[in-house]
Amino acid sequence: MHATGSLEETLRRAAARTASFFYKCWGFGEAIAALGLLAAERVLGEGRVDSGYRAAVEELFARWWAKRGGQPIFEDHVTPGVPLLLLARDEPRWMEVAFAVARLYREFPTQRAVPVHRPDLGAWASQVWVDCLYTDGAFLALLARMTGEQSWEDLACEQALAYIGVLWDETSRLFFHSYDTRAARPNAIRRGRGNGWALLGLVDLLRFLRPDHPARGRLVAVVRRQVDALVALQHVGGHWHTILDRPDTYLEHPVAAMMAWAIPQAVRLGLVPESALVAALRAFEATLAATDAEGNLTGVSEGTPAGHVATYATRPTGIFPWGQGPLLLALADRLSPDRVWEGLP
């Protein structure tokens, strides 16, 4: 077990490394990296603005918003919505930006009753990805909580349930990576990182959702079944395979970091039993062992399109924001549980 002092130093190194990335606006990794940086600022800065972590996030938003000229486009569906609202908690000027992004969600066309986020993307125009369960629902539900406008909460649940309807596999109790609305079929790959995105997003959605919302029962049931399945598939060393149910594929380290953050959150919210914390602790220790001296989480696969088994099994690994973000969150949570959410309504 690592001493608190060494965990703080690891968090500082990891945060500095994460802040140094040149981020695009936007991909799926930016949201969790931004949230991780804001968590590091709150934990290491003891509630004050720390050494540039928050500033790095604000600069990223400012650069993007100046480029957009006040008008989001379809590719902005992966805007880091929850970090944007955390900025708005302290600086109201960001709230108008958040509203502009939220209105985008009302403009997505539907195919077979499923919202399609990138109808402009040519050959991928009919694809939906499990990753969107992380970026969409929690943002809209937190917006509803902060503004009192329930319609955003209803939209969050409507879209989350639509995605669950086509991506959830009740047999394995896991999510498929993608679904083609034109062909009406999933790609049938139960990807590790994709299931991490789904769990993180659903836990956060349930955190912000009002207790009596009619969608809550279905969402909680999915989270419980998914955590049960994930615990059963955890490798003895604390990691998970890049394709969860294919032990012939390599172990991908960010999945453990995601679980080290998500499962304790789910336990505290009463979504899953405390027994799941055993798997979370193993995942945390595995994450630390996979973190190098510069604060990089190693063994993270590069961006991966929907494909067949070989697409995932042969994907190169490196250092990426979608690994750094879960690392920061797992460390911050171990040092100061739930500090990142402090001050929200």
What's the spacing between Leu155 CG and Leu143 CG if we round to 0.5 Å?
10.0 Å

Single hit among Arg268, Arg42, Arg339 for salt bridge (Lys or Arg N to Asp or Glu O under 4.0 Å) with Asp333
Arg268

For His241 and His235, take the angle between the two ring planes, folded into 0 to 90°, and tell me which bin it lands in: parallel under 30, tilted 30 to 60, perpendicular over 60.
perpendicular

Phe21 reachable from Leu38 in the ILVMFWY side-chain graph, under 4.5 Å edges:
yes

Under 4.5 Å between side-chain heavy atoms, hopping through other hydrophobics if needed: is there a path connecting Val340 to Tyr134?
yes

Closest non-hydrogen contact found for Ala162 with Ala113 is CB-O, 3.8 Å

Taking Thr181 for the side chain and Ser126 for the main chain, is one N or O donor matched with an acceptor at less than 3.5 Å?
yes

Identify whether the distance between the nearest side-chain nitrogen and carboxylate oxygen of Glu153 and Arg210 falls below 4.0 Å.
yes

Using a 6.0 Å distance limit plus a 45 degree cone around the ring axis, check whether Arg103 lies over the aromatic ring of Tyr105.
no

Pick out which of Leu271, Leu161, Val203 makes a side chain to side chain contact (heavy atoms under 4.5 Å, CB included) with Leu219.
Leu161

Would you say that Ile32 contacts Trp261 through its side chain, given a criterion of any heavy-atom pair below 4.5 Å between the two side chains?
no

Quick one, Asp180 with Arg182, criterion salt bridge (Lys or Arg N to Asp or Glu O under 4.0 Å). Give me CA distance, side-chain angles, the key distance, then yes/no.
CA-CA 5 Å; Asp180 188 324; Arg182 187 177 296 123; 5.1 Å; no

What do the steps show when you test Arg17 against Ser20 for side chain to side chain donor-acceptor pair (under 3.5 Å), and what is the final call?
CA-CA 5 Å; Arg17 181 69 179 95; Ser20 72; 3.3 Å; yes

Can you label the angle between the Phe208 ring and the Trp341 ring as parallel, tilted or perpendicular, going by 30° and 60°?
perpendicular

Looking at side-chain heavy atoms only, is the closest gap between Phe99 and Glu149 below 4.5 Å?
yes

Contact between His77 and Cys132 at the side-chain level, heavy atoms closer than 4.5 Å - yes or no?
yes

Thr79 versus Trp64: any side-chain heavy-atom pair under 4.5 Å?
yes

Return the CG to OG1 distance between Leu85 and Thr147, rounded to the nearest 0.5 Å.
9.0 Å

Between Glu285 and Arg282 (salt bridge meaning N to carboxylate O under 4.0 Å), is one present in this structure?
no

CA sep, side-chain torsions, deciding dist, call: Trp152, Gln150, side chain to side chain donor-acceptor pair (under 3.5 Å)
CA-CA 5 Å; Trp152 296 119; Gln150 185 178 319; over 6 Å; no

Salt bridge check: are Glu30 and Lys24 linked by an N-O gap of less than 4.0 Å?
no

Same apolar cluster (I L V M F W Y, side chains within < 4.5 Å links), Met258/Leu288
yes

For a 4.5 angstrom cut-off between non-hydrogen side-chain atoms, does Tyr250 reach Glu252?
yes

Assess the residue pair Ser178 and Arg185 against the criterion (side chain to side chain donor-acceptor pair (under 3.5 Å)); give the C-alpha distance rounded to whole Å, side-chain angles, the decisive distance to 0.1 Å, and a yes or no.
CA-CA 9 Å; Ser178 73; Arg185 65 170 178 265; over 6 Å; no

Side chains of Asp204 and Gln265 in contact at under 4.5 Å (non-hydrogen atoms)
no

Evaluate the side-chain proximity of Ser301 to Arg191: yes if any heavy-atom separation is below 4.5 Å, no if none is.
yes

Within residues 81-90 or reaching into it, pairs that qualify as salt bridge (charged side-chain N to carboxylate O under 4.0 Å, His left out) - sequence neighbours excluded
Arg54-Asp90

Go through the structure and list residues passing side-chain hydrogen bond (donor to acceptor under 3.5 Å, both in side chains) with Arg145, not counting sequence neighbours.
none

Does atom CD of Glu274 have more than 12 heavy-atom neighbours from other groups under 6.0 Å away?
no

What residue pairs, at least two apart or across chains, pass salt bridge (charged side-chain N to carboxylate O under 4.0 Å, His left out) with a residue in residues 301-329?
Glu302-Arg315

Assess whether a salt bridge exists between Arg190 and Asp245, defined as any Lys/Arg side-chain N lying under 4.0 Å from an Asp/Glu carboxylate O.
yes

ILVMFWY cluster, Leu328 and Phe28 together (side-chain gap under 4.5 Å)
yes

Which heavy atom in Gly307 sits nearest to a heavy atom in Tyr312, and how many Å separate them?
N-OH, 3.3 Å

Hydrophobic cluster membership, with links at side-chain heavy-atom distances under 4.5 Å among I/L/V/M/F/W/Y: are Val227 and Ile164 in one?
yes

Within 45 degrees of the axis of the six-membered ring of Phe284 and under 6.0 Å from its centre: does Arg334 put its NZ or CZ there?
yes

Side chain to side chain donor-acceptor pair (under 3.5 Å) between His213 and Asp154, worked out:
CA-CA 8 Å; His213 195 284; Asp154 294 337; 2.9 Å; yes

Pair Arg68 + Glu75: basic N to acidic O under 4.0 Å:
yes

Side-chain heavy atoms of Trp197 within contact of Leu133, under 4.5 Å:
no

No-hydrogen, no-angle side-chain donor-acceptor test under 3.5 Å, Ser151 and Arg106
yes

When you look at Tyr163 and His117, which way does the ring-ring contact (aromatic ring centres under 6.0 Å, His included) test go after all the steps?
CA-CA 12 Å; Tyr163 269 44; His117 291 1; 5.7 Å; yes

So, applying side chain to side chain contact (heavy atoms under 4.5 Å, CB included) with Phe175, which one of Leu202, Asp169, Leu244, Leu199 is it?
Leu202

